[in-house]
A.B. asks: 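Dropping a structure here in C-alpha cells format, bear with me for questions.
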Amino acid sequence: MSMRKPGNCGLGFTLVELLVVITIIGLLIAVLLPSMSRIRVKAKNTQTTAQLNAIEQGLEMYRGENALGGSYPPSCGDVGENLADRRKIANPLEENAEPDTAITGAHLLVNALIGADMLGTPGLRDMDRDGFWADDTHSGDGGAYEVTDDEGVEVQPRYGGTGYVDDKMKEESVTTLGKLEDEGKIFVWTDAVSSTPTRHQLVFVDPWSRPILYYKANPVGRRMVGSSTDPGIYWQDDNGLITGSVNGLTDYDGIDFGAGKVDGYYHRIADAKCPPPKPVIDVDMEADYEHSLALFIFDPAVKARNTPVRKDSYLLITAGADSIYGTDDDVLNWTKKEREQ
C-alpha cells in the first residue's frame with residue numbers, strides 16, 4: 001500500500017492552472033483599462049467645466065464693476081499702429097512702461113480676474129489717460145502694479161478682493177508657460193517667445209495643464225474672424241502664440257503639448273483664414289477652412305450669413321485630453337452643434 005503524506009493533497013497550483021489565472025487577470029486588465037481611461041477623461045472634463053463656470057462668473061463680476069469699464073476684459077493689447085503690435089503689453093513684472101511683452105487672451109484673462117501678481121486685479125485701464133491701457137500694465141510709477149517704496153503697498157486700487165475666482169482655483173489652476181516648459185509639459189515652443197518675459201506671465205490651465213484660451217467678441221466686426229485689413233468679431237491671433245497663427249497678423253507655429261503636428265499644424269484653429277460674410281459655409285467649403293478658428297466657431301443655426309457662436313460676449317476654449325485645440329474633445333463655454341448635411 002502507498003501512503004500519502006498528510007497536508008500534501010490538492011494544495012498547490014499546477015503550472016497550467018497558474019497560467020490560466022494569469023491569462024484571466026490579463027484579459028480583465030485589458031477590458032478594464034479603456035473603461036478606466038474613459039472615466040478619468042470624463043472626470044477631468046467635469047472638472048474643466050467647473051473651471052469654465054467659475055471663470056464665467058468672474059467675468060460677469062468684472063463686467064459689473066463700473067470702475068473697470070463695465071465690459072468684459074480685452075483679449076489683446078491696444079497700442080501700436082500695426083495691428084500685430086496689439087498683441088503686446090508693458091510687462092507687469094517690470095517698471096518698463098514700453099509695451100514689448102508678447103501676450104495672449106489667456107494671459108489677459110488672468111490679469112483681469114486675479115491680477116498679474118495674484119493680489120487682486122487693478123483692471124486693464126488707461127491709467128495715464130493717453131488713450132491706451134497696454135502701456136500702463138507695468139510696475140513702475142503710475143503703472144497698474146505700482147507699489148509704495150517704503151511699505152510695498154499697492155498704489156492702485158484692487159478689485160474683486162484678491163480676485164474674481166476663489167483661492168482653490170488660483171492654487172490649482174494658475175501657472176506660467178515657463179513652468180509648463182520646465183516641467184516637460186511643453187515639447188516645442190518658439191524660442192523667440194519662450195526666452196522672453198512672456199514665459200513668466202500667468203495663465204489658467206485645465207486638468208491636463210493646457211492653457212484656457214480667452215477671446216473677447218467685437219460685436220461690430222464684419223467677419224466672423226478678422227483679417228489684417230478687415231475687422232472681425234473675433235481675432236484668431238489673440239491666442240496665436242499658443243495655438244499657432246498663420247495667414248494672420250503674426251506668424252507662429254504655436255506650442256506642441258505632446259501631440260505633434262498634423263498636416264503641418266500643432267492645433268486645428270491655427271489658420272486665420274475666414275470666409276466672407278456670405279455665402280454661408282457649407283460642407284463643400286469645409287476643406288478650405290479645415291484648420292481655421294472660423295470653421296470651429298461657426299454657428300450653423302444662423303442661416304442668413306456666416307456667424308460665430310457667442311458673437312456678443314466671449315469664447316473659452318480648452319484643448320481636452322488630446323492636447324490639441326480645435327478638436328471634438330475640447331471643453332468649451334458653448335455647445336457645439338452639428339452642421340446639417
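Note that the numbering runs from 1 along the sequence shown for the chain.
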A.B. asks: Would you kindly confirm whether F204 and Y214 end up in one hydrophobic cluster when ILVMFWY residues are joined by side chain heavy atoms under 4.5 Å apart?
C.D. replies: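 Yes: a chain of side-chain contacts under 4.5 Å links F204 to Y214.
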
A.B. asks: Measuring from F296:CZ to D328:CG, what's the distance to the nearest 0.5 Å?
C.D. replies: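 Spacing of CZ (F296) from CG (D328) equals 7.5 Å.
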
A.B. asks: Please confirm whether the backbone N or O of P92 pairs with a side-chain atom of T137, one donor and one acceptor, at under 3.5 Å?
C.D. replies: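 Between the backbone of P92 and the side chain of T137 there is no qualifying donor-acceptor contact (under 3.5 Å).
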
A.B. asks: Quick check for you: to the nearest 0.5 Å, what is the distance between R268 atom CZ and I324 atom CD1?
C.D. replies: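 Here the rounded value is 8.0 Å.
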
A.B. asks: Are any non-hydrogen side-chain atoms of L59 and L109 less than 4.5 angstrom apart?
C.D. replies: yes

A.B. asks: If you define the side chain from C-beta out and look only at heavy atoms, does anything of L119 sit under 4.5 Å from Y145?
C.D. replies: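 No, too far: nothing below the 4.5 Å cut-off.
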
A.B. asks: Roughly how far apart are D100 CG and I89 CD1, rounded to 0.5 Å?
C.D. replies: 10.0 Å

A.B. asks: If I compare all heavy atoms of V262 with all of H291, which pair ends up nearest, and what's the gap?
C.D. replies: O-CE1, 4.0 Å

A.B. asks: For W235, does the six-membered ring have the charged nitrogen or CZ of R87 within the cation-pi criterion, i.e. under 6.0 angstrom from the centroid and within 45° of the normal?
C.D. replies: yes

A.B. asks: Determine whether L180 and V110 fall in the same hydrophobic cluster, where Ile, Leu, Val, Met, Phe, Trp and Tyr are linked whenever their side-chain heavy atoms lie under 4.5 Å apart.
C.D. replies: no

A.B. asks: Do K185 and W208 make a side-chain contact, defined as non-hydrogen atoms from C-beta onward lying under 4.5 Å apart?
C.D. replies: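 Not touching, per the 4.5 Å side-chain cut-off.
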
A.B. asks: Is any side-chain N of the basic residue among R310 and E56 closer than 4.0 Å to the acidic one's carboxylate O?
C.D. replies: yes

A.B. asks: Above 12 or not: heavy atoms from other molecules or residues under 6.0 Å from CD of E171?
C.D. replies: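 12 or below, so no.
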
A.B. asks: In terms of the angle between their ring planes, are Y215 and Y234 parallel, tilted or perpendicular, with boundaries placed at 30° and 60°?
C.D. replies: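 It falls in the perpendicular class, over 60°.
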
A.B. asks: Are more than 12 heavy atoms, taken from residues, nucleotides or ligands other than K311, located less than 6.0 Å from that residue's NZ atom?
C.D. replies: no

A.B. asks: Please lay out, stage by stage, how N333 and Y314 fare under the test side chain to side chain contact (heavy atoms under 4.5 Å, CB included).
C.D. replies: CA-CA 9 Å; N333 68 327; Y314 56 86; 3.4 Å; yes

A.B. asks: Assess the side chains of T101 and Q201: does a donor N or O sit below 3.5 Å from an acceptor N or O?
C.D. replies: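 Q201 and T101 do not have a side-chain donor-acceptor pair below 3.5 Å.
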
A.B. asks: Can you find a side-chain donor-acceptor pair between T307 and D299 that sits under 3.5 Å?
C.D. replies: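 No donor-acceptor contact under 3.5 Å links the two side chains.
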
A.B. asks: State, with a plain yes or no, whether a side-chain heavy atom of Y266 is found less than 4.5 Å away from one of F187.
C.D. replies: no

A.B. asks: How long is the span from the CD1 atom in I212 to the CG atom in L332, to the nearest 0.5 Å?
C.D. replies: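 Reported value, rounded in 0.5 Å steps: 11.5 Å.
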
A.B. asks: Just how far is it from atom CD of Q236 to atom NZ of K273, taken to the nearest 0.5 Å?
C.D. replies: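 The NZ atom of K273 is 12.0 Å from CD of Q236, to the nearest 0.5 Å.
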
A.B. asks: Can we say K261 and D253 salt-bridge, meaning some charged N sits less than 4.0 Å from an Asp/Glu carboxylate O?
C.D. replies: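 Looking at D253 together with K261, the answer is yes, because their closest N to O distance falls below 4.0 Å.
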
A.B. asks: Would a distance-only check, ignoring hydrogens and angles, find a side-chain to backbone donor-acceptor pair under 3.5 Å from H107 to T104?
C.D. replies: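 Yes; at least one donor-acceptor contact below 3.5 Å.
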
A.B. asks: Taking atom NZ of K179 as the centre, does the number of heavy atoms from other residues, nucleotides or ligands within less than 6.0 Å exceed 12?
C.D. replies: no

A.B. asks: Please walk me through it: do T327 and D330 pass side chain to side chain donor-acceptor pair (under 3.5 Å)?
C.D. replies: CA-CA 6 Å; T327 55; D330 290 8; 3.3 Å; yes

A.B. asks: Take D206 and T48, measure what side chain to side chain donor-acceptor pair (under 3.5 Å) needs, and give me the verdict at the end.
C.D. replies: CA-CA 6 Å; D206 64 16; T48 305; 5.1 Å; no

A.B. asks: Could you tell me if E60 and Y164 have a donor-acceptor pair between their side chains, going purely by distance under 3.5 Å?
C.D. replies: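 Not at all, the side chains of Y164 and E60 share no donor-acceptor pair under 3.5 Å.
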
A.B. asks: Please confirm whether the backbone N or O of E146 pairs with a side-chain atom of S139, one donor and one acceptor, at under 3.5 Å?
C.D. replies: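 Side chain of S139 to backbone of E146: no pair is present.
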
A.B. asks: Answer with yes or no whether the hydrophobic clustering places Y159 together with L108; edges join I, L, V, M, F, W, Y residues whose side-chain heavy atoms lie under 4.5 Å apart.
C.D. replies: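 The answer is yes; both residues are in one hydrophobic cluster.
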
A.B. asks: If you compare all heavy atoms of L202 against all heavy atoms of M118, which two are closest, and at what distance to 0.1 Å?
C.D. replies: CD1-CG, 3.5 Å

A.B. asks: Closest heavy-atom contact between P99 and D135?
C.D. replies: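 Shortest heavy-atom contact: CD-CB, 4.3 Å.
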
A.B. asks: Run the salt-bridge test on D126 and R129 with the 4.0 Å N-O cut-off and return the result as yes or no.
C.D. replies: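 No salt bridge links D126 with R129.
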
A.B. asks: Do the side chain of D256 and the main chain of G260 share a donor and acceptor less than 3.5 angstrom apart?
C.D. replies: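 Yes: the side chain of D256 pairs with the backbone of G260.
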
A.B. asks: Does a side-chain N-to-carboxylate-O contact under 4.0 Å join D117 and R158?
C.D. replies: yes

A.B. asks: For the CZ atom on R305, are there more than 12 heavy atoms of other groups (residues, nucleotides or ligands in this structure) within a distance under 6.0 Å?
C.D. replies: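 Enclosed.
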
A.B. asks: Is D191 reaching over with its side chain to a backbone N or O of S194, donor-acceptor style, under 3.5 angstrom?
C.D. replies: no

A.B. asks: So, R210 and S323: side-chain donor and acceptor under 3.5 Å apart, yes or no?
C.D. replies: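 The criterion, which ignores hydrogens and geometry beyond distance, is satisfied for S323 and R210.
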
A.B. asks: Less than 4.5 Å apart, any side-chain heavy atom of P207 and any of Q51?
C.D. replies: yes

A.B. asks: Which heavy atom of G326 sits nearest to which heavy atom of I269, and what is that distance?
C.D. replies: CA-CG2, 3.7 Å

A.B. asks: Is there a side-chain contact between K42 and I39 (heavy atoms, below 4.5 Å)?
C.D. replies: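 Heavy-atom side-chain distance check fails, nothing below 4.5 Å.
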
A.B. asks: Using a 4.5 Å cut-off on heavy atoms from C-beta on, say whether the side chain of K44 contacts that of V331.
C.D. replies: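 A side-chain contact is absent here, since even the closest heavy-atom pair is not under 4.5 Å.
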
A.B. asks: Do L315 and V203 belong to the same hydrophobic cluster, where Ile, Leu, Val, Met, Phe, Trp and Tyr are linked whenever their side-chain heavy atoms lie under 4.5 Å apart, directly or via other members?
C.D. replies: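 L315 clusters together with V203.
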
A.B. asks: Would you give the length of the straight line joining atom CE of M224 to atom CG of L295, rounded to the nearest 0.5 angstrom?
C.D. replies: 7.5 Å

A.B. asks: When you measure from the side chain of D312 to the backbone N and O of P219, does any donor-acceptor pair fall under 3.5 Å?
C.D. replies: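 No: the side chain of D312 does not pair with the backbone of P219.
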
A.B. asks: Which atom names give the shortest non-hydrogen contact between Y62 and A112, and what distance separates them?
C.D. replies: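 Nearest heavy atoms, Y62 then A112: CD1-O, 3.3 Å.
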
A.B. asks: What do the steps show when you test Y325 against N239 for side chain to side chain contact (heavy atoms under 4.5 Å, CB included), and what is the final call?
C.D. replies: CA-CA 11 Å; Y325 294 98; N239 291 281; over 6 Å; no

A.B. asks: Between I242 and F257, does a side chain to side chain contact (heavy atoms under 4.5 Å, CB included) hold up when you go through it step by step?
C.D. replies: CA-CA 10 Å; I242 296 172; F257 293 105; 4.2 Å; yes

A.B. asks: Using every non-hydrogen atom in the two residues, find where S75 and D238 come nearest and quote the distance to one decimal.
C.D. replies: OG-OD2, 2.6 Å

A.B. asks: Please walk me through it: do D271 and Y289 pass side chain to side chain contact (heavy atoms under 4.5 Å, CB included)?
C.D. replies: CA-CA 8 Å; D271 204 321; Y289 300 95; over 6 Å; no

A.B. asks: What I'd like to find out is whether the side chain of R125 reaches to under 4.5 Å of the side chain of L68, using heavy atoms alone.
C.D. replies: yes

